[in-house]
Structures are given as structure tokens and as C-alpha cells.
Amino acid sequence: MRDLTELKGRFPGVEAEQGRDIPVLKVPAERLTEVMMYLQKEYGFNFLADLTGVDEPGKERLVLVYHLMAVPQGEMVRVKVELQRANPCAPSLVGIWPAAEVQEREAYDLLGITFEGHPDLRRILCPDDFEGHPLRKDFRLTGEEGSAP
Amino acid sequence: MKASAQLATEEIILNMGPQHPSTHGVYRAVLTLDGETVVGVQNVLGYLHRGLEKLAEDRTYTQFIPYTDRLDYLAAMLNNLGYVQAVEKLMDIQVPERAEYLRVIMAELSRIASHYVMVASMALDLSGWTAWFPPFRDREKILDLFEMACGSRLTLSYMRIGGVAADIPPEFVPALQRFLQELPRGLEEINGLATGNEIFQARCRGVGKIDLETALAYGLTGPNLRACGLPFDLRKVRPYGIYDRFEFEVPTLDNGDAYDRFVIRLLEIEQSAKIIAQALRDLPEGPVLAKVPRVIKPPEGEVYHQIEGAKGILGFYVVSDGSPKPYRLHIHSPSFVNLGAFPVMAAGGTVQDAVATLASIDIVLGEVDR
Amino acid sequence: MAGGGNVVATWLNTWGFPPWLNSLLTGIIYLVGVLAFIFLNVIYLIYLERKVSAYMQQRLGPNRVGPRGLLQSVADALKLLGKEDIVPRHVDKWVFLVAPIAIFIPAVLLYAVIPFGRGLIAADLNIGVLYFLAVSSTTTIAILMGGWAANNKYALLGAMRAVAQMVSYEIPLVFSILGVVMLVGSLKTTDIVAAQEDVWFIFWQPVAFLIFFIAANAEVNRGPFDLVEGEQEIIAGPYVEYTAMRYALFFLSEYANLVSVSALAVTLFLGGWQGPWLPSWLWFIIKLYIMILLFMWVRWTFPRIRIDHLLKLNWKFLLPLSLVNILVTGVGIKVYQWLSPGRW
């Protein structure tokens with residue numbers, strides 16, 4: 001696995017650590033695009049393997065988690081972006097990886113993260129008139145008294 | 001000029017789905033048509049959304065295994081495998097040897113079954129009715145094998161955290177050997193009815209073409225990516241389980257069109273059969289389930305595990321807070337991402353091409369919508 | 001009447017009716033006979049098709065209703081009769097209602113010029129083949145009516161495909177028949193059958209038969225040319241909004257057209273009702289079913305062709321080939337005349 005500590009010096013605010021399975025980078029939202037482009041260009045992480053988020057209401061934050069893969073070597077890196085829970089907003093990566101389009105829509109739908117610059121940010125899995133974001137921890141799971149299930 | 005104004009044409013919008021024979025489930029493609037030519041495609045998903053990721057947060061780790069069957073229900077074993085391996089990775093559980101081999105056998109059988117469905121339904125989508133039957137007949141034999149091993153045919157839930165649910169019965173091995181013997185004949189039939197057919201080739205060659213660069217940018221994985229010429233298979237690149245012990249090839253084709261995506265499945269079936277034969281040869285005796293605590297409580301932490309699913313790379317992102325239930329479970333389903341590339345692939349072809357392209361991508365709506 | 005006279009008319013003559021009643025009764029008997037022929041054939045063709053496809057696909061096919069499933073089609077027909085006749089609100093009502101009838105009538109009319117056996121022909125027109133082609137081409141209009149009136153995009157696509165396909169395939173169809181007509185020198189179907197007493201025209205005109213077979217396949221919208229229905233793409237095309245008996249009429253005429261086009265093929269290329277030992281009508285039925293089975297075999301073997309390939313095949317291959325066939329036939333006839341004077 002490659003040493004990613006070099007990134008710390010290049011991009012202030014970026015933290016690098018070795019996770020349980022793969023290296024983890026913590027990137028501030030405003031630096032995300034440039035870090036991703038750098039990772040793609042210099043480290044060969046040319047494949048967006050996964051894009052999701054984790055809601056952490058206890059810490060008042062939503063963590064956006066990207067998994068990048070180097071194809072065809074198969075190496076991986078996890079990039080985390082901590083967002084404010086009240087107004088989670090991150091730059092869209094559709095410009096770098098078109099694969100992000102559907103996955104960002106999914107994150108928007110289920111977690112309520114807004115992606116700036118996304119060409120068509122709509123709900124994808126839930127119906128358009130759905131209220132709330134199911135994967136948030138405070139999403140109401142039970143119906144209201146007397147309403148249809 | 002005046003005549004052309006009088007004969008002004010108009011694009012029409014055609015809702016293909018949610019109930020349409022060729023959408024392979026409840027999925028809707030909004031096609032913008034100029035005559036028979038597809039100008040634009042918009043995916044409308046979510047008709048089968050069951051909120052599996054949310055459900056996982058309220059189930060114990062073991063309770064979630066049956067839910068993974070409902071992802072890609074045509075290759076349930078592979079989903080089982082991906083999930084249990086992710087949890088095992090989180091807990092550092094060592095799986096007994098026999099269980100590892102059984103897992104490989106089942107996973108590859110599942111892959112064959114899934115590829116058979118793709119081959120059959122793609123032939124059917126091109127109206128090759130008869131070519132539908134040989135693959136489904138052979139898939140039935142796989143389902144029989146699954147039934148022997150775990151009692152059910154579709155929703156298998158065979159894998160357990162730390163091994164597999166039960167050892168195989170004595171009649172399993174001879175039945176599997178018989179299946180492997182008969183497999184080449186079935187493939188030959190498919191080649192005769194579909195692959196080698198003039199009309200079939202004319203319908204598929206050059207249709208839904210995507211080049212390697214675009215495919216990677218759109219996150220295509222699995223057979224769809226390998227049909228673009230890149231031998232990228234996680235079983236080889238980053239072997240999980242015991243896949244590094246087997247000899248097999250990663251077939252690739254160069255054109256990235258519907259025809260190559262069809263043929264590559266047939267080639268992969270052969271390779272999977274090769275793996276199964278080796279696993280069967282080396283199958284050791286011993287327990288099939290490791291000693292795992294009754295209540296599975298992984299340590300705090302997160303893990304990302306990928307396996308080579310039947311449709312592409314299947315990823316599980318598990319976040320544990322030390323409790324018996326996952327704090328967050330994300331499923332990266334290959335069909336969902338592959339379908340995202342459908343608009344690019346279908347644009348410019350005819351309606352018939354769009355149908356062929358969609359069939360060649362091989363989506364399963366259970367996995368797309370989760 | 002030529003060729004030993006019309007069997008039915010001759011039989012009626014023995015009753016001593018006045019001539020006008022005689023010809024009226026002949027007409028009625030033939031109409032009833034043809035309708036019975038169509039309905040019985042279609043009902044059992046559907047059964048046959050399902051069985052044939054089943055055996056080709058290692059299945060059993062219908063085997064629940066009646067012995068060996070023989071009553072399955074009857075049950076289906078009864079079911080369709082009992083269904084509610086739904087006319088959706090958005091359709092163009094009159095056109096929508098007329099279309100199934102407009103497609104069924106020509107399907108029946110076609111049988112007028114088919115010689116079912118020695119002297120078994122409803123109307124022995126001296127332009128029989130031309131009549132057949134003219135009447136069968138009106139089917140296109142009926143399908144277009146159904147597709148257009150349904151006000152449904154799938155139906156519209158299907159109707160457009162129908163026009164593009166059927167109009168273009170009519171041309172090689174006609175040209176392939178022309179080869180036979182040139183050999184006989186008559187458009188009369190009975191004459192054509194009579195001319196095949198020694199040698200069937202399939203041996204003189206193999207290329208024409210091939211073109212006829214392909215074009216006829218496209219004309220009756222059967223696989224691999226079933227683009228009009230295109231179940232996997234446009235669901236059922238023009239028929240998508242039809243229900244119950246109206247749908248059944250489309251279905252019925254489709255099979256009726258299959259029978260009539262097979263009958264024409266038998267008449268033109270397979271010697272019609274000619275054959276030794278067996279009664280002439282039995283020979284006709286045997287040959288007819290060989291043709292139908294051939295159509296079924298093709299349908300259940302090939303995938304569906306794409307619309308642009310379909311048109312390319314027609315205009316760039318079948319049409320030039322049929323023209324060449326006519327040229328070769330013409331030259332051949334001249335050479336034959338020159339070699340054996342007096343015969344022609």
C-alpha cells in the first residue's frame with residue numbers, strides 16, 4: 001500500500017491514517033475536488049468504487065465516504081469528508097467520474113447530502129414526493145397514529 | 001422550406017416500463033425517440049426499493065444474511081459470501097478449510113446460474129424463444145444442487161459468519177460431477193441457437209458499444225468491463241477467500257458491444273466450471289463452521305469488502321459501533337452502477353437496440369433498488 | 001368451369017334449382033365452408049404452434065384441457081369470447097372498432113381463389129393471383145388503422161413498422177410470383193395447378209420459392225419478421241389496446257393469413273392439389289401443413305431481425321434477386337421455345 005502521508009503536506013487540512021483494511025484520508029469538503037483529482041492523476045486511483053455516507057448525529061456530522069480503487073492494480077483508498085449535519089453539502093464529482101452521478105443521487109436521496117454541480121440532483125430510489133432521508137438516524141420508522149401503514 | 005415546415009416531425013417520449021417485458025423487473029426507461037431512433041434515455045428506478053440498508057441497522061449481523069439473498073436474487077450465494085466475508089474481516093474470523101471450499105463451489109455455481117439467466121433472457125429479448133430453454137434447463141440443475149445443500153432454491157442463506165450453514169449431503173458431489181459433465185453440451189446448444197446465429201449477431205454486434213475509458217469512468221465492472229478488453233477480475237487481482245489457489249483464466253473481449261457482453265458470459269461459465277472442478281478435487285474433510293460467539297459483536301470500526309459478483313464488483317461497507325447490530329451497512333451493487341451507463345450506451349440506437357443493450361448489461365432490479 | 005367443373009356447382013345442378021339460386025347457394029356453401037375451414041384451422045393451428053414450439057424447446061406444451069390438451073384452444077377462445085370488450089376512452093373510436101373487422105374480411109376473401117382440390121374453388125377468377133395479392137395488401141391498412149386509432153405510442157410504432165415492412169415486402173413477393181406466372185402464362189390459380197402436373201414449380205423456380213417464402217414470412221408478420229408485434233420492444237404493437245373478441249379477430253386473421261399464404265405457396269410451387277393415390281383435397285391439406293410447419297420451424301428458430309436490417313434485406317437483396325430471377329426465367333423460356341418449337 002502506498003504512503004499517502006505526502007498528501008498532508010500538499011493539501012493543508014488533509015489527514016491520513018492507516019485504517020483496519022485500507023488507508024483512510026480525511027479531507028475537508030472544500031478541498032475534495034482537488035484531492036480527488038490529485039489521487040486520480042498521481043496515485044492512479046482512477047475508479048470510483050463506492051460513494052456513501054454515514055450519519056453521526058451524536059457528533060452533529062454526516063460523513064461522506066468515498067472508496068477509490070486503482071484499476072487494474074486493485075489498491076484501494078477510503079476518502080472521508082465530514083459535513084455539517086444541519087446543511088450537508090459537498091462538491092459533485094460527476095466531472096471526474098460520471099459513475100458518481102447515480103451514487104450521488106442515491107446519497108442525496110437517502111442521506112440528504114447536497115452535491116454542488118451535480119447535473120440532475122433528484123431522488124433516485126424513493127418517490128419524488130417522499131419526505132425525509134431514510135438513512136439518517138433520526139428518520140421516523142413508525143407511522144403516525146391512525147395513518148395508513 | 002415550406003414543405004419541410006409542413007412536414008415538421010416531433011420527438012416522442014416513450015415510457016418503457018415499469019411494466020414491460022424487456023425491463024427485467026420493475027424499472028422504467030424514459031426513451032426519447034426520433035422515429036425508431038433513441039435520442040435520449042432517462043432511468044427511473046426505485047420501484048423495488050425496500051430500504052435494505054436501513055433494515056440492516058435494526059437487525060443483528062446474522063439476521064441480515066437472508067436479506068442479502070434478496071439483493072441479486074439470481075446469485076444469492078455471491079451476496080451471502082460478500083456479506084459474511086465483510087463481517088469476518090471486521091472480526092478477524094478464520095473460516096475452516098472445508099467451508100472455504102464449499103463457499104467457492106457454491107459461489108461459482110451461483111455465478112453460472114446468474115450468467116445462464118442473462119444468456120437466456122438476452123436471447124429471449126431478441127425474440128430467440130428457443131434459446132431461452134437450454135440455459136434455464138441447466139440452471140434448474142444448479143438450483144437442484146442448492147436445494148440439496150441448503151433446502152431452498154432461490155433465497156439460499158447458505159453462508160454463515162464463520163463458515164456455511166451445513167455440510168453438503170453425500171449425494172451432492174456425484175450430482176455436481178454429473179452437472180459439470182453435461183455443462184459443455186448445454187453451452188454448445190446455446191452457441192448453436194444464439195451465438196452463432198446470423199440474425200442474433202446482426203442484432204448484437206456493434207450495438208450498445210462502450211469503450212474502455214468510458215466504461216471505467218461510468219464505474220462499469222464485472223463481465224461488462226471485461227467485454228471492453230480489460231482483464232479486471234477481483235478473484236485474480238485481489239483474491240479473497242481461497243481464490244488464489246485455483247487456476248483459471250480471466251476471459252476478455254475487445255469490442256465492448258452487446259455481442260461481446262453476451263459471449264463473455266459463456267466464456268466465464270466455462271472458467272467457473274473449471275474452478276468448481278478444482279475445488280471439488282481438493283475439497284478437504286473437516287468442520288464447516290468456525291467457533292464464533294453466539295452473539296456477533298464486532299469491535300468498533302469500519303471495513304470495506306469487495307467480491308467479484310456475477311454482475312460486477314459487489315461491495316459491502318460495514319460500520320460497527322461495537323453493538324450486535326451494524327451501525328451502518330452500505331451495499332455497493334454492480335447493477336445499480338452499470339445501469340447508470342445505460343443512457344450512454346443506448347443513445348443513438350433503435351428501440352430494438354436499446355432492448356438488446358439493456359439485456360446485455362444484465363441488471364437485477366432487486367440489486368438496483370435494494 | 002375449367003378443369004372438370006366446380007364440384008359444388010355440379011352437385012347443386014342435380015337438384016334442378018334455377019341458375020340464380022344455384023350460384024347463390026354455391027356462394028353461401030363456399031363462404032360457410034371457408035369460414036369453417038378458417039376457424040377449425042386456426043383453433044388447431046394455435047394448438048399446433050404451441051405444441052411444435054414446445055417440442056422444439058423440450059417442453060410438453062398444453063396438456064391439461066382435454067386429452068393431450070386438445071381442447072386448450074377451445075378453452076382460450078371461449079375465454080376471449082367471455083371477456084369484457086374494453087374500448088379505452090382515449091382511442092379514435094370508430095376506426096378502433098372497425099379495424100379488427102377490416103383485417104378479418106380480407107383474410108376470408110383470400111380463400112376465394114384457392115383451389116382446395118380438384119374442382120374445389122369458390123371463384124375461379126382469371127386474375128386469381130392478382131386478386132390474392134390485391135386483397136392481401138389491404139391488411140396493411142387495417143393494421144395501420146388499429147395502431148393509429150389506439151392513440152398509444154407503442155401501437156403507433158407498431159403501425160409504422162407494419163407499413164414500412166409490408167409495403168416493401170410486397171414487391172419481392174409479387175416479383176417472385178411473376179416467375180411462375182411467366183411459366184404458365186396465366187394468372188388463373190387453377191391453370192397454375194394444372195401446369196404442375198408433371199413437375200412442381202419449386203424445381204423450376206427454386207429461387208422464386210425462397211424469395212416467396214421470406215417475403216411471405218414478412219407479409220404475415222411471423223418471426224423472424226414479427227416486428228409489427230415486437231413483443232419484447234413494443235409489446236404487441238397495434239394490438240396493445242385491444243381486448244376480448246376484437247383482439248381475437250386480429251389473432252384469428254393472423255393465423256388465417258398464415259394458412260392462406262401457405263395455400264398460395266402450395267398452389268404456386270408445390271403442385272397444388274396434384275398427387276397420386278390420395279384424394280386431391282387430402283394432398284392439398286398435407287402440402288399445406290408442410291408449408292405451415294416450415295413457417296413454424298423458422299419462427300421458433302430465429303431471433304427477430306432489426307428494422308433497418310429488415311428493410312436492407314428487402315431492398316438490397318431480395319428485390320434485385322427477384323429481378324434477376326425474372327430475367328433468367330425470361331431468357332430460359334425463350335431458349336426453351338427456340339429448342340422445342342411447337343410446345344408453347
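Chain naming here is simple, since letters A, B, ... match the order of the sequence lines and numbering starts at 1 in each. From a predicted model like this one, the values you see are computed outputs, not experimental measurements.
- By number of non-hydrogen pairs under 4.5 angstrom with chain A, the leading residue of A217(B), G51(B), G219(B) is A217(B).
- Between Y304(B) and H67(A), the ring-plane angle classifies as parallel under the 30° and 60° cut-offs.
- In terms of heavy-atom pairs under 4.5 Å with chain B, the best-connected choice from R123(A), Q103(A), R105(A), K137(A) is K137(A).
- Within a 6.0 Å radius of CD in Q84(A), other residues, nucleotides and ligands contribute 12 heavy atoms or fewer.
- At a threshold of 4.5 Å between non-hydrogen side-chain atoms, the residues L110(A) and K54(B) do not count as touching.
- By the 6.0 Å contact criterion, CD on E34(A) is enclosed, its count of non-hydrogen atoms from other residues, nucleotides or ligands being greater than 12.
- No side-chain heavy atom of L48(A) sits less than 4.5 Å from a side-chain heavy atom of Y218(B).
- Residue contact with chain A, scored on non-hydrogen atoms closer than 4.5 Å, involves the side chain of V319(B) exclusively.
- Using a 4.5 Å heavy-atom cut-off against chain B, the contacting residues of residues 90-102 of chain A are W97(A), P98(A), A99(A), V102(A).
- Proximity to chain A is absent for every atom of E213(B), based on heavy atoms less than 4.5 angstrom apart.
- Side-chain atoms of R328(B) do not come within 3.5 Å of backbone N or O of D55(A) as any donor-acceptor pair.
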Would H49(B) and I124(A) satisfy side chain to side chain contact (heavy atoms under 4.5 Å, CB included), going step by step from the backbone distance to the final call? CA-CA 10 Å; H49(B) 182 55; I124(A) 186 163; over 6 Å; no
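- Closest of all the heavy-atom pairs between A49(A) and Q306(B) is CB-NE2, 3.7 Å.
- Considering only heavy-atom pairs separated by less than 4.5 Å from chain A, the leading option among E53(B), H305(B), H332(B) is H332(B).
- Inter-residue side-chain proximity for V65(A) and H330(B) is flagged as unmet; no heavy-atom pair is nearer than 4.5 Å.
- Side chain of K89(B) to backbone of D21(A): no donor-acceptor contact under 3.5 angstrom is found.
- Under the 4.0 Å criterion applied to side-chain N and carboxylate O atoms, R370(B) and E106(A) are assigned as salt-bridge partners.
- A salt bridge links E302(B) with K80(A): the distance from a Lys NZ or Arg NE/NH1/NH2 to an Asp or Glu carboxylate oxygen falls below 4.0 Å.
- Atom CG of L135(A) and atom CD of E57(B) lie 6.0 Å apart (nearest 0.5 Å).
- The candidate from L90(B), D58(B), T214(B) with the greatest count of non-hydrogen atom pairs under 4.5 Å with chain A is L90(B).
- R20(A) and G301(B) make their closest contact through CD-CA, 4.4 Å (heavy atoms, listed as atom of the first residue, atom of the second, distance).
- At most 12 heavy atoms of other shown residues, nucleotides or ligands fall within 6.0 angstrom of atom CD in Q19(B).
- Heavy atoms closer than 4.5 Å to chain A are found nowhere in P334(B), neither backbone nor side chain.
- Using a 4.5 Å heavy-atom cutoff, the side chains of M69(A) and I313(B) are in contact.
- When side chains are defined from C-beta on, Q73(A) does not count as touching V237(B), because their heavy atoms never get closer than 4.5 Å.
- Remark: E75(A) does not engage R238(B) in a salt bridge, criterion side-chain N to carboxylate O under 4.0 Å.
- Most heavy-atom pairs under 4.5 Å with chain A: of the set L45(B), V44(B), N43(B), this distinction falls to L45(B).
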